[in-house]
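Because the structure is predicted, anything quoted here is derived from the model rather than measured.
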Amino acid sequence: MITDAIVVALFVVGIGFFTAGSVGLLRFPDLHSRLHALTKADNVGLGCIALGATIQAAELSAGLKILLIWIIVLAGSSLVSFLIARHFPRRT
Amino acid sequence: MPDFTMIAAVGLVLTMGIGMIRVIAGPTPGDRLMSLLLVSTTGVALLLVFNDRLREGPGLLDAALALAVLGPVTTVAFLVVAARRRPDSDAEDGRDH
């Protein structure tokens, strides 16, 4: 039961970060501010949900695969954020 | 709670819906690109949440892995084509990026 409570808490925090990232994507005034919202939702939100799914996973190989998914999303989203920020420069 | 998975899934789908608003109404193509990336990562989270329910083999995690790799790869492909197409006359140091 403690495991279920921890997993539910992690899922709630992760979904909270995803919602904050989506609302930030909607409400921020500039492309570069929206990049901030996107990376917070991607990295921390997916990290919390991946941690909850790892605790809930059936076997060790599934847990390691979930952590691999999180690491790939981390690397990919940081790469893409840098490229997008460089490709659309600020005109101030 | 046995039904928390469904509540979490509905929450993530609502997050996807909010993200799609920026895809439609984004003023620049960069906004639309970023919003599609967020929707794709939310899809990965959705598949991870359902991992406990459907335990017949590792197929769900493989789909999540493919979706997680597809987002950045598509974005890099789009940016390479866009950088090749636009004239880089407003670069600061004058060289082609």
Side-chain angles (χ1 to χ4, degrees), chain A residues 4-5 7-8 11-12 14-23 25-28 30-32 34-35 37-39 41-43 45-46 48-50 52-59 61-63 65-66 68-73 75-81 83-89 91, chain B residues 1-2 4-5 7-9 11-12 14-22 25-31 33-35 37-42 44-52 55 58 60-62 64-65 67-76 78-80 82-83 86 90-92 97:
Chain A
D4 282 349
V7 167
V8 164
F11 276 179
V12 164
I15 292 174
F17 268 103
F18 265 113
T19 309
S22 286
V23 169
L25 196 66
L26 204 62
R27 296 264 312 167
F28 278 166
D30 193 18
L31 179 131
H32 296 265
R34 288 173 197 150
L35 271 178
L38 173 71
T39 48
D42 259 356
N43 302 347
L46 191 68
C48 288
I49 289 189
T54 307
I55 293 175
Q56 228 182 14
E59 54 210 7
S61 69
K65 197 180 285 190
I66 291 172
L68 178 69
I69 290 174
W70 180 53
I71 290 173
I72 285 179
V73 168
S77 83
S78 56
L79 170 76
V80 162
S81 312
L83 288 179
I84 288 180
R86 192 174 171 194
H87 189 260
F88 301 98
R91 308 292 180 144
Chain B
M1 288 199 289
F4 181 73
T5 307
I7 298 175
L12 283 176
L14 285 179
T15 305
M16 272 194 214
I18 293 176
M20 286 302 278
I21 295 178
R22 184 50 74 191
T28 73
D31 289 321
L33 202 57
M34 265 192 324
S35 313
L37 198 63
L38 182 67
V39 168
S40 153
T41 310
T42 312
V44 173
L46 194 62
L47 287 177
L48 286 186
V49 159
F50 273 125
N51 183 39
D52 185 46
R55 277 196 188 178
L60 211 56
L61 291 184
D62 291 341
L65 192 61
L67 196 57
V69 170
L70 201 62
V73 165
T74 310
T75 307
V76 167
F78 174 84
L79 286 176
V80 162
R86 79 162 178 189
D90 50 356
E92 291 165 351
H97 286 287

Do [X] and [Y] have side chains that get closer than 4.5 Å, going by heavy atoms?
{"X": "A:Gln56", "Y": "B:Asn51", "answer": "no"}
{"X": "A:Ile49", "Y": "A:Phe18", "answer": "yes"}
{"X": "B:Leu33", "Y": "B:Leu79", "answer": "yes"}

So which of [options] has the biggest tally of heavy-atom pairs under 4.5 Å with chain A?
{"options": "B:Ile21, B:Val69, B:Thr15", "value": "B:Thr15"}
{"options": "B:Gly19, B:Ala45, B:Ala68", "value": "B:Ala45"}
{"options": "B:Pro27, B:Pro72, B:Ala25", "value": "B:Pro72"}
{"options": "B:Ser35, B:Gly17, B:Ala64, B:Gly30", "value": "B:Gly30"}

Against chain B, label [X] side chain, backbone, both or neither, depending on which of its atoms sit under 4.5 Å from a heavy atom there.
{"X": "A:Leu79", "answer": "side chain"}
{"X": "A:Leu46", "answer": "side chain"}
{"X": "A:Ile84", "answer": "both"}

Test side-chain contact (heavy atoms from CB on, under 4.5 Å) applied to B:Ile7 and A:Phe11, step by step: CA-CA 10 Å; B:Ile7 298 175; A:Phe11 276 179; over 6 Å; no

Checking heavy atoms, do the side chain of [X], its backbone, both or neither come under 4.5 Å from chain A?
{"X": "B:Ala82", "answer": "both"}
{"X": "B:Thr41", "answer": "both"}
{"X": "B:Thr28", "answer": "side chain"}

Residues forming a side chain to side chain donor-acceptor pair (under 3.5 Å) with A:Ser77, sequence neighbours excluded: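 Result, side chain to side chain donor-acceptor pair (under 3.5 Å) vs A:Ser77: A:Asn43.
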
Set of side chain to side chain donor-acceptor pair (under 3.5 Å) partners for B:Arg22, sequence neighbours left out: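 Expected list: none.
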
Passing option when A:Asp42 is tested against B:Leu38, B:Val44, B:Thr42 for side-chain contact (heavy atoms from CB on, under 4.5 Å):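 Of all the options given, the one that passes is B:Leu38.
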
Closest-packed option against chain B by number of heavy-atom pairs under 4.5 Å, given A:Val7, A:Leu26, A:Leu68: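 Sorted descending by pairs with chain B, the first entry is A:Leu26.
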
